Amino acid sequence: MSWSDSTDDMRIATLLAVLFSLATSSTALAATKAIKFGKLVDGTGRVFTNAVVVVEDDRVQRVAGGNPPIPSGAEVIDLSRYTGIPGLIDAHTHITYYWDGVTTPRSEPPRHPAVVAFLAQENAQKALEAGITTIRDLNAPNGVDLAMRDLITMGKMVGPRMFVSGTAIRITRSTAPPAPLGIMVDGVDAVIRGVRQVIASGADWVKMHGSTGGFDDVTQFQTFTFEEMKAAVDVAHALGKKIAIHSYGPAGARDAVRAGADSLEHGADIDAATIADMVKRRTYYIPTIDHNQYYVENADTVYRFPPGAKERLRDYIQRNVETARKAFRAGVRLIMGSDAVYNGWGLNARELDWFVKIGMTPEQALKTATTEPAAMLGMEKSLGAVAPGFFADIVAVEGDPLADITAISKSENVRWVMKAGRVVVDKTQATQNTK
Ligand SMILES: [Zn+2]
């Protein structure tokens, strides 16, 4: 190759780079998109056949069924072999819990927070591939969740929209290593300071651990007192923030609900009076049933839990399911939360299978991952539905989720995902090749 050839190549490369950047910056988002679905379940209770969703920038502009005309000049995305649903919301995650596939989770080597933020992009990608376009992330060290949220909002990192709690509030207690993550506080004054500190750090929510329990530990001891929980709830609400309280057992759950927690996380053996109180107070309940099933499946190969752990987890699952069933029948507002950690990312929507098992219709189950969490997040006018004015968070799945929830819960059925008007997952070609 001569010098002149090389210079020409460089000119062409530069020109292409400029054209490419123009193309991506000016047309990728600005163009009107018309997305065709064989069927569209819009999340508000309506189902359209031969639907067209018109997307302008990051929002849905209009939705219609019956093969409506395509706006002239629109980019047509033909997904007519799939069913369209709203982007899913996973209301209990741990995106910074990254596993490299080699070390044992929770015994990983110490990593710089910036390294964790970088690595956790893999979890973010898996969430999108499972159809999750929004998460509420409940506990992360060193502000990594805040950083990821902001990078994703800036469009500099690809991942689900994030509502985050920063670092969780816990009581001091001695445990076997690894030491628990969280701001450790005891007593009402310290709780107030801790909650204010979390909110000042930029958190959207507050997360409080009202009991023991987590991973292979299924103990249910209440940690914070009612007075401490009440102080946390009041100070969070006074600053315009909501609070999620974790409780594996009935005592912590009772006091969390009585204290006015906006959402109760996990929970087995919750008593009837507390369930009635949750209905009255409209407390959201995120039972996170599937994460213990995922621990059972990975107990030996990944987590290396001690002997007996699987039996304890299975027993807890039974009681967790029973409590969720009672709560659902009583009219408590259940919400899908995977409690995704490590290699649990990508299995986020499996929780919906449990919801159908406890008696929900697939349509009711879908609501626990769309309109209900959107309302909990105060985003009911822009998330959880494919409707005019809402963010264009849309998922194409194989099959009919209203007939069989596995069309959503099995992530291999998720073929295409749009988040805020941008296509972030596209496996439609892969399907064609395999058929
Ligand atoms: Zn959790």
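This one's a predicted model, so the numbers in the text were calculated from it and none came from an experiment. Order of listing sets the numbers, starting from 1, for every ligand and every atom in it.
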Report task. Go through the side-chain N and O atoms of E108 and T103 and say whether any donor and acceptor fall under 3.5 Å apart. Result -> no
Query - Donor + acceptor pair across side chains of W354, D290 (<3.5 Å) - result: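 Yes, a side-chain donor-acceptor pair sits under 3.5 Å.
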Query raised in the report: Between H266 and H291, is the gap from one ring center to the other below 6.0 Å?
Result: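 So the answer is yes for these two rings.
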Query raised in the report: For the ring pair F37 and Y82, is the centre-to-centre distance below 6.0 Å?
Result: no
Query - Residue from W99, Y342, F305, Y303 passing side chain to side chain contact (heavy atoms under 4.5 Å, CB included) with N298 - result: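 For N298, the side chain to side chain contact (heavy atoms under 4.5 Å, CB included) check succeeds only for Y303.
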Query raised in the report: Near the Zn ion (ligand 1), meaning under 2.8 Å, how many protein N/O/S atoms are there?
Result: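 Near the Zn ion (ligand 1), the number of protein N, O or S atoms below 2.8 Å is 3.
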**Report entry** Cation-aromatic face contact R333/Y285, 6.0 Å, 45 degrees
**Finding:** no
